Chemist: 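Let me begin by handing over the structure; questions about it come next.
Just so you know, these numbers come straight off a predicted model, no measurement behind them.
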Amino acid sequence: MAEGWRWFTEGRLGLFIHWGPYACIGRGEQVLFREHMEQKAYADMACAWNPRFYDPRLWAATARDAGFRYACLTTRHHDGFCLWDTATTDYSSARQAAQRDFVADYVAAFRAEGLRVGLYYSLMDWRIPAYFEPPDRDPAAWAAMRDYIHAQVRELLTRYGRIDYLFFDGLWPRTTEDIAGRELLQMIRELQPDIIVNDRLGTPAGETLPLGDVGTPEHHITVTGKLWESCQVTTWRLWGYAAGERWRSPAQWLDMLGQCAAMGGNLLLNVGPDGEGRLPAAFLDGAGELGRWMRLHGEAIRGEGGGNLTEFTTWGWQTVRGNRLYLIFRFWPGTTSMRLPDLESTVLAADLITTGQPLSIDQQPGELHLGNLPIERPTSLFPVIRLTCAESPRAGQWGRERLWGGDPARVAEWARTRGESVWRDGASTTSTEGAHHD
């Protein structure tokens, strides 16, 4: 991993912002296509769009207080409407009713709050027939489309200073060869040497890995490489603003974050501001709750190491940072003590971060007993126990291999401790007293 990218793994939590004129309709970011709307009517609406309450300083302050470390704004979604002052088209917030470069305002506001800045860019444009037809059908039209894409990306990377992250989307039905993906990526590297680029520029013919640096699984949490983030919504389904949609709870947001961190990845958590530029009230409430948790427990999330060292699946997620192992409880045991198997490292201290109270330690070979736990869950979200070890935490064979993996011989040895037979006592003979079976 490049040293200049360390902010990404240490940050762990990013804010995805899907915002465009589609927010005025309130049925998600793809309403134009999904409902087969008439293009001219949509364009008239988009060009009249002038959000009265757009204040990215409030967005940035909300993100900072909630514990987000970076953000990514949709500069242009599949509808083709641009949120910056581009020279390539008049279909933009700067040339139409709003008369504002929304990207410039966003970049300045999030930088001022100390957050890393990312930009989303859709390669697809639903307004342009050439994008959806074979490039050899009208080579001149396709060349113009490809040049349009490259020119817009160049603008985004040369007008706003350092950009930390570039998120592409919408390659279908084209290939990376169609859009000259290698040349595009080379230009990006030349303009912004330290930038991180996601993996949606496509996979070159004959190769197995996509171009780019970061895997971006969407609506699921899957390890894809050394750098990855799961893109998730705070609502039940849609990315752009949808009036009346149900919201996931802050506990669900935190559960996704805990799982991503435990697996060594990031969470890019989305919000869709409304057509006037306001963050929905449900998001603000949830962000406030998440922020309070992060201020107290954030050290369990930040850092480079996931963790699966002790058997903790019953309760929640584990992360490692230096010589500390963090136990993030989805469920609280409700007992004054608990047993943790498989941890080999010597534990020097244990404390419940949530309340600050120290926990008692009784460590034997292959198992750790923690005491002095409160019966009641100490927070409405996820309590966290911090174990400070004499070295970087490590697990024994069972901890490393878990169920459904590793050497099955270890399972056989464990099973053999009760005997060999199918009978309750495991006895392999019926001659022993108490072992007779009719």
Side-chain angles (χ1 to χ4, degrees), residues 18-22 29-30 32-33 37-40 42-47 49 72-104 106-107 118-160 163 165-192 195 197-204 210-212 240:
H18 274 71
W19 192 55
Y22 43 80
E29 75 290 349
Q30 297 194 33
L32 170 62
F33 179 76
M37 296 177 68
E38 200 276 316
Q39 287 270 8
K40 184 179 185 305
Y42 184 91
D44 289 344
M45 179 275 297
C47 292
W49 181 46
C72 188
L73 172 70
T74 52
T75 65
R76 189 191 92 176
H77 210 270
H78 310 329
D79 62 348
F81 190 84
C82 301
L83 302 193
W84 77 98
D85 188 9
T86 173
T88 62
T89 178
D90 63 350
Y91 197 49
S92 73
S93 60
R95 302 292 181 93
Q96 300 301 325
Q99 298 287 298
R100 288 180 66 180
D101 186 324
F102 291 149
V103 172
Y106 152 80
V107 171
L119 302 177
Y120 165 109
Y121 180 82
S122 170
L123 299 159
M124 176 190 298
D125 188 331
W126 284 324
R127 306 172 307 140
I128 311 299
Y131 195 85
F132 303 95
E133 297 175 338
D136 57 3
R137 176 170 180 171
D138 187 342
W142 176 250
M145 181 69 205
R146 184 186 59 229
D147 292 347
Y148 181 67
I149 292 170
H150 285 233
Q152 290 199 330
V153 172
R154 177 179 289 276
E155 287 181 339
L156 291 170
L157 298 185
T158 55
R159 295 189 174 185
Y160 308 109
I163 300 299
Y165 185 29
L166 187 57
F167 189 113
F168 285 108
D169 194 21
L171 178 62
W172 179 91
R174 300 278 60 87
T175 66
T176 191
E177 286 78 18
D178 292 340
I179 64 167
R182 285 194 186 279
E183 293 82 352
L184 181 58
L185 187 58
Q186 181 179 351
M187 178 188 75
I188 292 166
R189 303 283 192 217
E190 291 172 354
L191 296 175
Q192 297 274 352
I195 200 169
V197 181
N198 79 330
D199 63 344
R200 300 193 185 185
L201 279 176
T203 302
L211 298 175

Chemist: Can you sort out the partners of Gln186 under side chain to side chain contact (heavy atoms under 4.5 Å, CB included), two or more places apart, ordered by chain and number?
Modeler: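 Only Glu190 meet the side chain to side chain contact (heavy atoms under 4.5 Å, CB included) criterion with Gln186.
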Chemist: Could you report the tightest heavy-atom contact between His150 and Leu184, atom names first, then the distance?
Modeler: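 That closest heavy-atom pairing would be CE1-CB, 3.6 Å.
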Chemist: Calculate, to the nearest 0.5 Å, the distance between atoms OH and OG1 belonging to Tyr106 and Thr74 respectively.
Modeler: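 Those atoms lie 9.5 Å apart.
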Chemist: Check the pair Phe168, Leu211 against side chain to side chain contact (heavy atoms under 4.5 Å, CB included), reporting the backbone distance first and the verdict last.
Modeler: CA-CA 11 Å; Phe168 285 108; Leu211 298 175; over 6 Å; no
Chemist: List the atom of Arg174, the atom of Glu133, and the distance in Å for their closest heavy-atom pair.
Modeler: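 Scanning both residues, the minimum pair turns out to be NH1-O, 3.3 Å.
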Chemist: Any donor-acceptor pair under 3.5 Å linking the side chain of Arg95 with the backbone of Thr86?
Modeler: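 Here the side-chain-to-backbone pair exists.
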Chemist: For Ala87, does its backbone N or O pair with a side-chain atom of Glu155 as donor and acceptor, under 3.5 Å?
Modeler: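 The answer is yes, because a donor-acceptor pair under 3.5 Å joins these two groups.
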Chemist: What's the spacing between Lys40 NZ and Arg127 CZ if we round to 0.5 Å?
Modeler: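 It is 14.0 Å, given to the nearest 0.5 Å.
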Chemist: With distance as the sole criterion, is a donor-acceptor pair present between the side chains of His78 and Ser122 under 3.5 Å?
Modeler: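 Their side chains do contain a donor-acceptor pair, which is all the 3.5 Å distance test asks for.
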Chemist: Between the side chains of Asp79 and Tyr42, is a donor N or O closer than 3.5 angstrom to an acceptor N or O?
Modeler: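 Yes.
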Chemist: Which residues pass the side chain to side chain contact (heavy atoms under 4.5 Å, CB included) test with Ala143, not counting sequence neighbours?
Modeler: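 With sequence neighbours excluded, Ala143 shows a side chain to side chain contact (heavy atoms under 4.5 Å, CB included) to Arg146, given in chain and number order.
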Chemist: Taking all heavy atoms of Tyr131 and all of Gly170, pick out the closest pair and write down the distance.
Modeler: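 Looking at all heavy atoms of both residues, the closest pair is OH-O, 3.0 Å.
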Chemist: So among Leu157, Val197, Thr158, Leu166, which one has a side-chain contact (heavy atoms from CB on, under 4.5 Å) with Gln192?
Modeler: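 The option that passes is Leu157.
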Chemist: Taking all heavy atoms of Gln152 and all of Thr88, pick out the closest pair and write down the distance.
Modeler: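 Looking at all heavy atoms of both residues, the shortest contact is NE2-OG1, 2.9 Å.
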Chemist: Can you tell me which residue among Trp19, Trp84, Phe81 is in a ring-ring contact (aromatic ring centres under 6.0 Å, His included) with Phe102?
Modeler: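 Checked Trp19, Trp84, Phe81 against Phe102; only one passes ring-ring contact (aromatic ring centres under 6.0 Å, His included): Trp19.
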Chemist: Please work out whether the ring planes of Tyr120 and His77 are parallel, tilted or perpendicular, with thresholds of 30° and 60°.
Modeler: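 Taking His77 first and then Tyr120, their aromatic rings lie parallel (interplane angle under 30°).
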Chemist: With heavy-atom distances below 4.5 Å as the criterion, would you say the side chains of Leu201 and Arg182 are in contact?
Modeler: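 Not in contact.
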Chemist: State the CZ-CG distance between Arg200 and Leu171, to the nearest 0.5 angstrom.
Modeler: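 Separation between the atoms: 10.5 Å.
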Chemist: For Phe132, does the CZ atom sit with more than 12 other heavy atoms under 6.0 Å from it, leaving out its own atoms?
Modeler: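 Check passes, neighbour count above 12.
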Chemist: Out of curiosity, Met145 CE to Asp178 CG, how far, rounded to the nearest 0.5 Å?
Modeler: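 These two atoms lie 11.5 Å from each other.
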Chemist: Give, for atom CD1 of Ile149 and atom CD1 of Ile179, the distance between the pair rounded to the nearest 0.5 Å.
Modeler: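 The CD1 atom of Ile179 is 6.0 Å from CD1 of Ile149, to the nearest 0.5 Å.
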Chemist: Any sub-3.5 Å donor-acceptor pair from Ser93's side-chain atoms to Arg100's backbone N or O?
Modeler: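 Side chain of Ser93 to backbone of Arg100, a donor-acceptor pair under 3.5 Å: yes, one is there.
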Chemist: State, without any angle test, whether Tyr160 and Asp101 hold a side-chain donor-acceptor pair at a distance under 3.5 Å.
Modeler: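 Note: Tyr160 and Asp101 side chains meet the donor-acceptor criterion.
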Chemist: Is the shortest heavy-atom distance from the side chain of Asp125 to the side chain of Tyr91 under 4.5 Å?
Modeler: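 A side-chain contact under 4.5 Å is absent here.
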Chemist: Rounded to the nearest 0.5 Å, what separates atom OH in Tyr22 from atom CD in Gln30?
Modeler: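 Those atoms lie 9.5 Å apart.
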Chemist: Just wondering, do Ile163 and Leu156 contact through their side chains at under 4.5 Å, heavy atoms?
Modeler: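 Not in contact.
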